Amino acid sequence: MTSTTLTAPDLITAGKLEIKVTSIPRTRSMPKAAELGFGRIFTDHMFAMDYEEGRGWFDARIVPYGPIPMDPGASALHYGQAMFDGCKAFRARDGRILLFRNKRHAARMSEGAPRLGMTAPDAETIHAAMKALVDFERDWVPSEPGTSLYLRPTLIGTEGFLGVRAAKKYMFFVILSPVGAYYPDGMKPVKIWVEKDYIRAAKGGLGAVKAGANYAASLYAATAAQKRGYAQVLWLDALEHRYCEEVGVMNLFVQLKDEIVTAPLGGTILAGVTRDSVITLLRDWGYTVNERRYAFDEVVEARKNGTLGEVFGTGTAAVISPVGEFGFTEGSLKTSDGAIGPLAQRLYSTLTAIQYGEAPDVHGWTEEVTRVA
Ligand SMILES: *Cc1c(COP(=O)(O)O)cnc(C)c1O
């Protein structure tokens with residue numbers, strides 16, 4: 001494995017960005033796919049950039065990965081001004097590096113920030129920063145089947161000030177983590193706990209934003225569900241605890257009689273990029289997909305009268321995660337006989353084939369990272 005050596009500091013131009021580079025020689029080699037796991041190993045460098053009110057964004061830089069100096073009064077630490085996104089870069093068999101719908105992730109982040117009172121770089125800048133860093137760290141994109149490079153753009157309030165108001169200083173950074181195959185032994189259905197006591201997001205709240213706070217709100221219930229033997233929780237609506245919203249940190253799809261349903265984007269749902277891709281593919285294939293409210297009772301009813309089809313979650317990490325069973329205080333409901341449904345299988349194969357450049361990309365979802373750095 002070769003390392004990119006540059007005489008530091010150097011400059012990279014990426015769109016509107018002039019990125020100052022301080023690099024270190026690479027000393028670690030890529031772990032084997034089986035040892036990668038998720039989000040445990042980080043690449044040698046990170047991207048960072050700062051913002052101050054009146055000055056705008058400045059000091060775009062690629063620097064060695066490491067701790068960031070932080071004012072103990074920073075708003076991210078006290079008032080939760082913190083958000084992120086997550087997307088991936090894939091190594092095609094011919095060596096090319098492909099980003100998957102990266103611009104959409106950048107736009108979601110940029111558009112979500114104001115809900116937290118935060119100032120984010122514009123979508124083009126976020127996209128350019130991610131792409132430049134992936135290019136710079138291209139040797140860190142793993143090539144074994146099912147592996148990828150996970151991108152984590154993050155935005156935090158950095159102003160040291162304890163008054164409760166939106167911060168006037170922010171930091172945007174991107175870190176990268178080579179990740180292993182989500183399903184090293186093939187897709188497995190998961191057991192999901194139907195959560196009736198705790199909620200993830202209420203109407204008018206932060207549910208549509210990838211805010212760190214949403215994750216903090218979810219961890220207690222998720223841990224309790226795991227103790228009961230469930231992989232994740234099914235989040236119901238905050239008001240009546242009846243309507244299905246999301247499953248863990250994934251969007252949920254349920255195949256009913258002659259339609260496939262998923263919760264509508266009404267402010268409590270995260271607008272998953274995988275959700276959008278799945279809706280697009282299903283409609284391409286002639287399925288009726290309805291973004292509508294549906295009660296968990298409807299799922300139970302469909303199971304009773306034999307009209308329940310497949311149930312699966314969607315998200316960047318797993319792509320498709322089939323749900324095999326729902327558990328709740330009164331009992332449980334098996335959605336299938338434990339086999340992976342043909343629809344989940346087809347969606348998974350199709351999406352991953354597009355991501356690795358092995359299937360035609362008719363929707364223009366992938367973007368090659370050509371070598372600049
Ligand atoms: C990130 C996330 C998703 C999935 O979004 P993708 O863009 O498909 O990765 C779904 N729900 C929640 C709550 C999330 O945070």
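Note that the structure is predicted; figures quoted are calculated from it, not measured. Atoms within a ligand are numbered from 1 in the order they appear, just like the ligands themselves. FYI, side chains are in, hydrogens and waters are out, and symmetry mates aren't considered; it's all heavy atoms of this structure.
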- Task: Provide, to 0.1 Å, the distance between atom 3 (C) of ligand 1 and the closest protein heavy atom, together with that atom's residue and name.
- Result: V249 O, 3.2 Å

- Item | Presence of salt bridge, K168 and E159, under 4.0 angstrom | no

- Task: Please find out if less than 6.0 Å separates the ring center of F296 from that of F326.
- Result: yes

- Note on the structure: Ranked by distance from atom 5 (O) of ligand 1, the top protein heavy atom is G272 CA, 3.3 Å

- Task: Name the closest protein heavy atom to atom 15 (O) of ligand 1, giving the residue it belongs to and the distance to 0.1 Å.
- Result: Y215 OH, 2.3 Å

- N or O pair under 3.5 Å between T316 and ligand 1: yes

- Going by the order shown, which atoms of ligand 1 are within less than 4.0 Å of some heavy atom of G315? 4 (C), 8 (O), 9 (O)

- Step through it carefully: locate the ring centre of F58, locate the ring centre of Y51, and say whether they are under 6.0 Å apart. no

- Task: Could you check atom 14 (C) of ligand 1 against the protein and tell me its nearest heavy-atom contact, residue, atom and distance included?
- Result: K210 NZ, 2.9 Å

- Item | Nearest protein heavy atom with distance in Å, relative to atom 8 (O) of ligand 1 | T274 OG1, 2.6 Å

- Message: Check this for me: does any side-chain nitrogen of one of R200 and E195 sit under 4.0 Å from a carboxylate oxygen of the other?
- Response: no

- To which protein heavy atom is atom 11 (N) of ligand 1 closest, and what is the distance rounded to 0.1 Å? E246 OE1, 2.5 Å

- Message: For the 3.5 Å polar cut-off, considering only N or O atoms, please tell me whether R200 and ligand 1 meet it.
- Response: no

- Query: Under 4.0 Å between a Lys/Arg side-chain N and an Asp/Glu carboxylate O for E298 and R292?
  - Reply: yes

- Give yes or no for whether the N/O distance cutoff of 3.5 Å, strictly under, is met between R108 and ligand 1. yes

- Message: Under 4.0 Å from a heavy atom of H105: which atoms of ligand 1 are those, numbered in the order shown and with their elements?
- Response: 7 (O)

- Between Y215 and F84, does the ring centroid distance fall short of 6.0 Å? yes

- Query: Salt bridge between R91 and D139, side-chain N to carboxylate O under 4.0 Å?
  - Reply: no

- Message: I want to check a possible cation-pi pair here: K88 against Y150, using under 6.0 Å from ring centre and within 45° of the ring axis as the test.
- Response: no

